[in-house]
Amino acid sequence: LGATIEYPFLWCMPSRGPIVGGSDLRMSPGDLACILRKLGIENCVVTTDFGQWMNPPPAEGMRMAIAALLQAGLVPEQVSTLVKTNPLRLIGNTS
């Protein structure tokens with residue numbers, strides 16, 4: 001229906017609290033890759049949601065997210081779409 005879903009890599013970090021409202025919101029990079037494939041790479045954006053003292057700086061977190069998604073089996077073009085193409089499209093930049 002045209003929605004774009006954001007998945008923060010923070011959900012894959014050990015520092016993420018295990019239980020929120022009775023639910024475990026952590027996931028492995030492999031689980032994240034599986035969800036992204038099911039929903040369609042073109043419908044998702046991967047961010048870090050980092051900036052907290054216990055996590056790496058956001059730029060390092062994005063490097064980690066990219067490496068983890070590649071290791072989980074996504075190809076470079078899919079990862080580029082998730083972290084570059086789709087975010088640019090959301091802000092109206094299609095070049």
Side-chain angles (χ1 to χ4, degrees):
L1 300 172
T4 300
I5 303 168
E6 175 188 10
Y7 282 94
F9 190 67
L10 179 65
W11 291 359
C12 298
M13 294 298 292
S15 62
R16 176 77 177 164
I19 305 297
V20 176
S23 299
D24 188 348
L25 297 179
R26 290 178 295 181
M27 65 176 72
S28 72
D31 292 340
L32 177 56
C34 182
I35 290 168
L36 294 167
R37 284 189 199 101
K38 282 183 182 178
L39 293 173
I41 300 295
E42 67 281 357
N43 300 318
C44 301
V45 170
V46 172
T47 61
T48 67
D49 205 19
F50 286 5
Q52 306 81 11
W53 65 269
M54 72 291 260
N55 287 314
E60 176 62 14
M62 184 56 74
R63 188 206 61 76
M64 291 168 54
I66 290 168
L69 291 172
L70 290 170
Q71 190 171 26
L74 295 183
V75 298
E77 293 79 16
Q78 291 174 312
V79 175
S80 181
T81 297
L82 291 164
V83 303
K84 183 173 69 173
T85 306
N86 291 347
L88 285 170
R89 177 179 45 82
L90 287 173
I91 63 169
N93 184 342
T94 56
S95 57

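Keep in mind that what you see is a predicted model, and the values were worked out from it rather than measured. Excluded from the calculations below are hydrogen atoms, water molecules and symmetry mates; all remaining heavy atoms, backbone and side chain alike, are included.
Not a single donor-acceptor pair under 3.5 Å links the side chain of Asn93 to the backbone N or O of Pro87. Judged by distance alone, the side chain of Arg37 and the main-chain N or O of Leu32 form no donor-acceptor pair under 3.5 Å. Of the possible polar contacts, none joining the Glu60 side chain to the Pro57 backbone as a donor-acceptor pair under 3.5 Å is found. Remark: side-chain polar atoms of Gln52 are paired, donor with acceptor, to backbone N or O of Asp49 under 3.5 angstrom. Between the Asn55 side chain and the Gly51 main chain, no donor and acceptor come within less than 3.5 Å of each other. No donor-acceptor pair under 3.5 Å is formed between the side chain of Ser80 and the backbone N or O of Pro76.
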Might you work through the side-chain contact (heavy atoms from CB on, under 4.5 Å) test for Leu74 and Leu82, ending with a clear yes or no?
CA-CA 10 Å; Leu74 295 183; Leu82 291 164; 3.8 Å; yes
Step by step, would you call Met54 with Met13 a side-chain contact (heavy atoms from CB on, under 4.5 Å)?
CA-CA 10 Å; Met54 72 291 260; Met13 294 298 292; over 6 Å; no
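With a 4.5 Å cut-off on side-chain heavy atoms, Gln71 and Pro29 do not count as touching. Counting heavy atoms from C-beta on, the side chains of Leu70 and Val79 come closer than 4.5 Å.
Heavy-atom minimum distance, Arg89 versus Glu42: NH2-O, 3.2 Å. Taking all atoms of both residues into account, the shortest heavy-atom contact from Val83 to Met62 is CG1-SD, 3.7 Å. Shortest non-hydrogen contact noted between Ala72 and Ala33 is CB-CB, 3.9 Å. Of all the heavy atoms in Gly61 and Phe50, the pair that sits closest is CA-CE2, 3.3 Å.
Note that the CG atom of Asp31 and the CH2 atom of Trp11 stand 12.0 Å from one another [nearest 0.5 Å].
Of the candidates Ile41, Leu69, Thr81, Val46 forms a side chain to side chain contact (heavy atoms under 4.5 Å, CB included) with just one, namely Leu69.
Hydrophobic cluster membership differs between Val75 and Val45, with clusters built from Ile, Leu, Val, Met, Phe, Trp and Tyr side chains linked at under 4.5 angstrom. Note: the hydrophobic cluster containing Leu90 does not contain Leu39 (ILVMFWY, side chain heavy atoms under 4.5 Å, direct or indirect links).
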